Amino acid sequence: MTERFVLLVVVVAAAWLVVRWWERRTPRQRGRLEPGVTLVTADWCRLCGAAMAALERHGVQPRRVSVGQLRGVDIRALPTLLVVDARGRLVMRRSGRSVIESAGQVAEYLSKVPG
C-alpha cells in the first residue's frame with residue numbers, strides 16, 4: 001500500500017513538473033520579430049492602457065501593435081510584451097498583469113543591453 005502511494009506521488013509530481021515546464025517554455029516563432037520592445041494590444045483590452053502607462057513610467061517606449069496585425073507569434077493573453085534582441089531572438093515575454101508588474105525589470109534589462 002505504501003509503495004503504491006509513493007509511486008502515485010512520484011507520478012503526479014513528474015506530471016506537474018512536465019506541465020509547468022511546457023507552459024513556461026519559450027514559444028517557437030514562425031515569423032521574424034523586429035528587434036526592440038513590442039506591446040501587443042487590442043481596443044477591447046482592459047489592462048493595455050495600464051501596461052503602456054507602467055512601461056512609460058519606467059522609461060520604456062514600446063512599439064504598440066494590435067493583435068490583429070501581428071503574424072507568426074502565438075498570443076494567448078493581452079497585453080503581451082515581447083522583447084527581441086538584435087538577432088531577432090525573443091529574450092523576454094510577459095503577458096497580462098505581469099506586463100505591469102514587470103515594467104521595472106524590463107527597464108533594467110534594457111538598460112544593460114548595449115545600443
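Source: prediction; values computed, not measured.
- Among residues two or more places apart in sequence or in another chain, the salt bridge (charged side-chain N to carboxylate O under 4.0 Å, His left out) test is passed with Glu108 by Lys112.
- Follow the hydrophobic side-chain contacts under 4.5 Å out from Ile100 and you never reach Leu39; the two are in separate clusters.
- By the 4.5 Å heavy-atom criterion applied to side chains, Val12 and Val10 are not counted as neighbours.
- Between the Ser98 side chain and the Arg94 main chain, no donor and acceptor come within less than 3.5 Å of each other.
- Between Val6 and Val9, every side-chain heavy-atom pair lies at or beyond the 4.5 Å cut-off.
- A continuous path of ILVMFWY side-chain contacts below 4.5 Å connects Tyr109 to Val99, so both sit in one hydrophobic cluster.
- In this structure Arg97 satisfies the side-chain hydrogen bond (donor to acceptor under 3.5 Å, both in side chains) test with no other residue, sequence neighbours excluded.
- Scored by the salt bridge (charged side-chain N to carboxylate O under 4.0 Å, His left out) test, Arg63 finds Glu34 as partners (sequence neighbours excluded).
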Extract all donor-acceptor atom pairs below 3.5 Å that involve side chains of residues 44-59 and protein atoms in other chains or at least two apart in sequence.
residue	atom	partner	partner atom	Å
His58	ND1	Ala54	O	3.0

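- By the side-chain hydrogen bond (donor to acceptor under 3.5 Å, both in side chains) test, Gln61 is found to be paired with no residue, residues two or more places apart in sequence or in another chain being considered.
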Review item, side-chain donor-acceptor pairs of residues 77-84, under 3.5 Å, at least two apart:
residue	atom	partner	partner atom	Å
Thr80	OG1	Ala77	O	2.4
Thr80	OG1	Ser95	OG	3.3

